[in-house]
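Notes to accompany the following structure.
All chains are named by letter (A, B, ...) in the order of the sequence lines, taking the proteins before the strands, and each is independently numbered beginning at 1.
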Number of protein chains: 2
Amino acid sequence: MTSKATTHDQILDLAQQYIQQRGYNGFSFRDLANGIGVKSSSIHYYYASKTDLVVAVTSRYRKGFSAATDQLKADNLAAADMLKAYAQIFKSTLEDDKRVCLCAMLASDFDSVEAAVTDEVKAFFAEQYKWLANIIANGISHGTIRGDIVPEEFAILYFSALEGAMVLAKANDNPADIELVANQMIAMSQHAG
Amino acid sequence: MTSKATTHDQILDLAQQYIQQRGYNGFSFRDLANGIGVKSSSIHYYYASKTDLVVAVTSRYRKGFSAATDQLKADNLAAADMLKAYAQIFKSTLEDDKRVCLCAMLASDFDSVEAAVTDEVKAFFAEQYKWLANIIANGISHGTIRGDIVPEEFAILYFSALEGAMVLAKANDNPADIELVANQMIAMSQHAG
DNA sequence: AATAGCCTATCTAGTGATAGATAGATATTT
DNA sequence: AAATATCTATCTATCACTAGATAGGCTATT
């Protein structure tokens, strides 16, 4: 018996999809309602405002992403493999669902959203920077990543490149570019051969 | 006597600003009209549809950017300095005007815009990839950039990272991150010390 | 009976787009 | 030169539609 998703979950799921594909200003309560098969007032029953809805979606996304990266870290791979697996999350998000990172979309919409949303987005970025810097620092201490790399700086580079590659790869309809971008950075972070 | 900008030019200028700051779905003909001091019907006089307007803005942006990079190339700097100067365009766009690359914004809005717009955006990306690959190839042939780098691949990396860094730097209110990202890639493209 | 979940109906505001009018500049004909 | 015609750039007013939001009612579960 396939347990039917609740309306509440469907709202969050579809809102997330719309934000990832069309951005904050690219969908309406009616779009959500029509997609789910309810009325827009039912969305308001769960979320009084669009801001409330988007904050909930972003918070859930942020926590889900953290859980995924924590899981990845528990696998205890070498730093380079960890970074590769991390990039794979971005690639499959685009390849499988034609979606861009939720927070990259919302970052583009920063001038359109309220502080409650930007706070969640900034928290997401801070968490990802921290996770990446930790992985990189571990790689350096294990001698698999060049010692002249500054973990906090390379984290920003790696993350920026992946987020940018995601948007460009979608525009160019070429998800493989994400892997191409990640592999080049990883190769450059290794000791010269 | 300060020559007053025509209404037509004001429309293109303000539309460009809005797209760079709020995206395709983040502004209206009325926003433009109010900002300029005319009626929205006057915008329609110049551009029958929003698509037509955005195509015109994007085409102008693309040609202006090409002119700027051609000028940069004429300066005949070393590859690394050329790449640094290129990144500086992105940084000052964010720092001075709080704007993101027009085409990065439109790329995020790909699911919301018509093919006439996406064609212009894709043409912009293709031109930038080509310019960067050429600069990198020159650097390799002059021996200032590592020979194991593939120009077309590093171009995608460099451009992706800059576009991503621009969006993230805006969200984090930290334009210096653009330079940080560029400098790391340039350093890694050099021969090991 | 109370609550949860969803509905109908409606509101105010704003969307892109269009029709028709008009003042003033420019061009053409007499 | 004067009269006529056309063009440019803008206006007012309105279209059908969509936006987010809200009040109040119905129904099913607890």
Side-chain angles (χ1 to χ4, degrees), chain A residues 1 3-19 21-58 60 105-106 108-118 120, chain B residues 3-19 21-58 105-106 108-118 120:
Chain A
M1 50 188 183
S3 70
K4 198 179 67 178
T6 64
T7 298
H8 194 156
D9 284 338
Q10 289 185 77
I11 291 169
L12 289 173
D13 289 345
L14 191 55
Q16 179 176 334
Q17 179 190 322
Y18 278 147
I19 298 169
Q21 292 176 336
R22 311 177 52 88
Y24 181 85
N25 294 309
F27 75 102
S28 69
F29 273 51
R30 272 180 184 70
D31 292 333
L32 290 174
N34 291 340
I36 295 168
V38 296
K39 299 295 167 179
S40 67
S41 51
S42 298
I43 318 283
H44 281 288
Y45 170 74
Y46 293 96
Y47 298 102
S49 71
K50 196 175 185 181
T51 294
D52 289 340
L53 168 61
V54 175
V55 166
V57 169
T58 309
R60 190 186 68 154
M105 293 299 287
L106 290 175
S108 293
D109 293 331
F110 249 46
D111 288 1
S112 306
V113 299
E114 292 177 27
V117 174
T118 66
E120 276 293 334
Chain B
S3 71
K4 200 180 64 178
T6 65
T7 298
H8 194 154
D9 284 337
Q10 289 185 77
I11 291 169
L12 289 173
D13 290 344
L14 191 55
Q16 179 176 334
Q17 179 190 321
Y18 278 147
I19 298 169
Q21 292 176 336
R22 311 178 51 89
Y24 182 86
N25 293 310
F27 75 102
S28 69
F29 272 51
R30 273 179 186 69
D31 292 333
L32 290 174
N34 291 340
I36 294 168
V38 295
K39 298 294 165 179
S40 68
S41 51
S42 297
I43 318 283
H44 281 290
Y45 169 76
Y46 293 97
Y47 298 102
S49 70
K50 197 174 185 182
T51 293
D52 289 340
L53 168 61
V54 175
V55 166
V57 169
T58 309
M105 292 301 286
L106 290 175
S108 293
D109 294 330
F110 250 45
D111 288 1
S112 307
V113 299
E114 293 178 27
V117 174
T118 65
E120 276 293 334

Handout entry: A:His8 and A:Tyr47 aromatic ring geometry - parallel, tilted or perpendicular at 30°/60° bounds
Key = perpendicular
Handout entry: Where A:Ala33 and A:Lys39 come nearest, the two heavy atoms and their spacing
Key = CB-C, 3.5 Å
Fill in the blank from the handout: Distance col, row B:Gln21:CD vs A:Asp111:CG, nearest 0.5 angstrom, shows 6.0 Å
Any N/O pairs under 3.5 Å between the protein and nucleotides 24-27 of chain C? List them or say none.
none

Exercise for the section: Could you tell me the separation between the CZ atom of A:Phe29 and the OG atom of A:Ser49, rounded to the nearest 0.5 Å? Expected result: 6.5 Å
Problem - A:Phe27 six-ring face occupied by A:Lys50 cation (under 6.0 Å, within 45°) - result: yes
Exercise for the section: Can you see which heavy atom on B:Ala48 is nearest to which on B:Asp52, and at what distance? Expected result: CB-OD2, 3.7 Å
Practice task
Could you tell me the separation between the NZ atom of A:Lys39 and the P atom of D:dG20, rounded to a whole number of Å?
Solution key: 16 Å
Practice task
Apply salt bridge (charged side-chain N to carboxylate O under 4.0 Å, His left out) to A:Asp9 and list each qualifying residue two or more places apart in sequence or on a separate chain.
Solution key: none
Exercise for the section: To the nearest Å, give me how far apart CG (B:Asp31) and P (D:dA19) are. Expected result: 16 Å
Handout entry: Phosphate OP1/OP2 of D:dA9: any B:Ser42 side-chain N/O under 4.0 Å
Key = no
Problem - Distance test, side-chain N/O of B:Ser28 to OP1/OP2 of C:dT15, below 4.0 Å - result: yes
Handout entry: Distance, rounded to the nearest Å, where A:Asn25 contributes CG and D:dT18 contributes C1'
Key = 14 Å
Handout entry: Cationic N near anionic O, under 4.0 Å, A:Arg60 to A:Asp13
Key = yes
Handout entry: Value in whole Å for how far the P atom of D:dG20 lies from OH of A:Tyr46
Key = 19 Å
Practice task
Please check the phosphate of D:dA9 (OP1 and OP2 only) for any side-chain N or O of B:Tyr45 closer than 4.0 Å.
Solution key: yes
Problem - Under 4.0 Å protein heavy-atom contacts per nucleotide of nucleotides 21-30 of chain D, with B for base, S for backbone only and - for none - result: BB--------
Completion exercise
In whole angstroms, the gap separating P of C:dT15 from CZ of A:Phe27 amounts to 17 Å
Problem - Value in whole Å for how far the P atom of C:dA17 lies from CG of B:Leu32 - result: 12 Å
Practice task
Carefully, step by step, assess A:Val54 and A:Leu106 under the rule side chain to side chain contact (heavy atoms under 4.5 Å, CB included).
Solution key: CA-CA 9 Å; A:Val54 175; A:Leu106 290 175; 4.1 Å; yes
